[in-house]
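Written out below as structure tokens is the structure these notes cover.
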2 protein chains.
Amino acid sequence: MQLENSELYRFLALNGVGHGSSYGFSSSSYDFQIMQSFSNSSISETSPQDRALAALKNHKEAERRRRERINSHFNRIRSLLPCNSKTDKASLLAKVVQRLRELKQQAVEITEMENLPSETDEIRVLSCDYSSDGTSIFKASLCCEDRSDLLPELIQILNSLHLKTLRAEMATLGGRIRNVLVVAADKDHGIESVRLLQNALKSLLERSDSKRSV
Amino acid sequence: MQLENSELYRFLALNGVGHGSSYGFSSSSYDFQIMQSFSNSSISETSPQDRALAALKNHKEAERRRRERINSHFNRIRSLLPCNSKTDKASLLAKVVQRLRELKQQAVEITEMENLPSETDEIRVLSCDYSSDGTSIFKASLCCEDRSDLLPELIQILNSLHLKTLRAEMATLGGRIRNVLVVAADKDHGIESVRLLQNALKSLLERSDSKRSV
DNA sequence: ACCGACACGTGAACC
DNA sequence: TGGTTCACGTGTCGG
């Protein structure tokens, strides 16, 4: 039970009006009871106390509506982020901050991610992490010397890691090749798939190096 | 001025201990004053009142830390979204919901956006809206019959609209071509640039049709 | 004077 | 049980 109208409590106490066993009453019926005790007093109908009381009631309800508005937004966010319905507000807002930072990061990544082959070998795997459910989507870029067995090996890597290829680009220039892949991992191994793919591409690139040096 | 410890207020009032002009005191010094009045009473040192009072003080401070934690997250979010520092919490959370929905939408768009030419002509312009400042980034896809003057016209369109090309893909297959562009608009005309580009590409495609029909 | 947004202290509920 | 989270009513400030 909430303690409310403490000012009025003290006023009533000072004027000898006890509230007795009203402690278990619901909020609304309790308000009504106070209103009655005031309007039954000897003061005129629209007394200052009445107006103050009405203002207090308005204020209380407005504040309740405000809380409901904010909490409904919290619940909407809960349904949009990977979390259950009982994650507390602070952690939820922390997730929001993290998510918005990732989003901001993509702006620079999309401008940096060159799709023409570069002179130096390189591997880039960056998590996009779009979806709110477990499945994570990420983007991989591989740049190395072109060779005929590259594509079959790449396909075999993706199959063995159970990665679904959503999108593939290839660009060749001067004997070099760049592949850009957008792949989706199943929800069970979303996080480690990134590392596994990174290692597989790394060994693929190292094999390419050893062949060239022979 | 905050009204606090209302239970204790009533207790003190019933026991004839007035708090007089303590109304303007700060929260902490006021707590101390109450503590003193209790420990000076005839009850033993670690009385139940003392423990309850200490618990209340702990509770009060814990709640204050919780509020600070939540509000600091709110402020971090404010710096991450296009809004000033005085947007209220409800509107801020509404913006967060909107932003996360856009983010979720990109997951399906990235899978739907095919980069091979299709049989039918089509134009797609979708806003990515990555950055928190005014500049908006969006993605355009154009698929039509291939022809030599397509690329120059495309470049001219982008120049006339002051769109900066961050990334361009081209794929041709069986005499048809698909172009996928990622472009950035300056902050002044971010929104209308989308429509302007859409219309320009549309007329470009219609010109292609009329040429073919001749 | 009113209305809306906020911070505060407090009771309750959940581990 | 203490610790932590939440909802609530209330005081306060600004438009």
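In what follows, chains are A, B, ... by sequence order, proteins preceding strands, each numbered from 1. Note that this is a predicted model, so its numbers are computed, not measured.
Atom CD of A/Glu119 is surrounded by 12 or fewer heavy atoms from other residues, nucleotides or ligands within 6.0 Å.
A/Ser141 pairs with exactly one of A/Arg178, A/Glu122, A/Arg124 by the side-chain hydrogen bond (donor to acceptor under 3.5 Å, both in side chains) rule, that one being A/Arg178. The side-chain hydrogen bond (donor to acceptor under 3.5 Å, both in side chains) with A/Asn71 is formed by just one residue from the set A/Lys89, A/Arg76, A/Arg66; it is A/Lys89.
Close to D/dC8, at under 4.0 Å from its OP1 or OP2, lies a side-chain N or O of A/Arg67. When the side-chain nitrogen and oxygen atoms of A/Asn71 are compared with OP1 and OP2 of D/dA7, one or more of them lie within a distance under 4.0 Å. Using a 4.0 Å cut-off, some side-chain N or O of B/Lys89 falls inside it from OP1 or OP2 of C/dA7. Within the 4.0 Å cut-off from OP1 or OP2 of C/dG9, not a single side-chain nitrogen or oxygen of B/Arg64 is found.
Atom-to-atom, CZ of A/Arg51 to P of C/dA1 comes out at 6 Å; the value is rounded to the nearest Å. Rounded to whole Å, atom C1' of D/dG9 lies 14 Å from atom NZ of A/Lys57. What separates CZ of A/Arg65 from C1' of D/dA7 is a distance of 16 Å, to the nearest Å. Between B/Asn58 atom CG and D/dG2 atom C1' the separation is 9 Å, expressed in whole Å. In this structure, B/Arg66 atom CZ and D/dG2 atom P are separated by 21 Å, rounded to whole Å. Rounded to whole angstrom, the span from the CG atom of B/Asp88 across to the P atom of C/dA7 amounts to 11 Å. Regarding B/Arg69, its CZ atom lies at a distance of 13 Å from the C1' atom of D/dC6, rounded to whole Å. Atom CD in B/Glu68 sits about 14 Å away from atom C1' in C/dG9, given to the nearest Å.
With rounding to the nearest 0.5 angstrom, the SG atom of A/Cys144 is 7.0 Å from the CZ atom of A/Arg176.
At a cut-off of 3.5 angstrom, the base of C/dG9 holds no donor-acceptor pair with the side chain of B/His59. The base of C/dC6 lies close enough to the side chain of A/Glu63 for a donor and an acceptor atom to sit less than 3.5 Å apart.
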Between B/Asn75 and B/Ser72, is a side chain to side chain donor-acceptor pair (under 3.5 Å) present by the stated rule, with each step listed? CA-CA 5 Å; B/Asn75 287 331; B/Ser72 75; over 6 Å; no
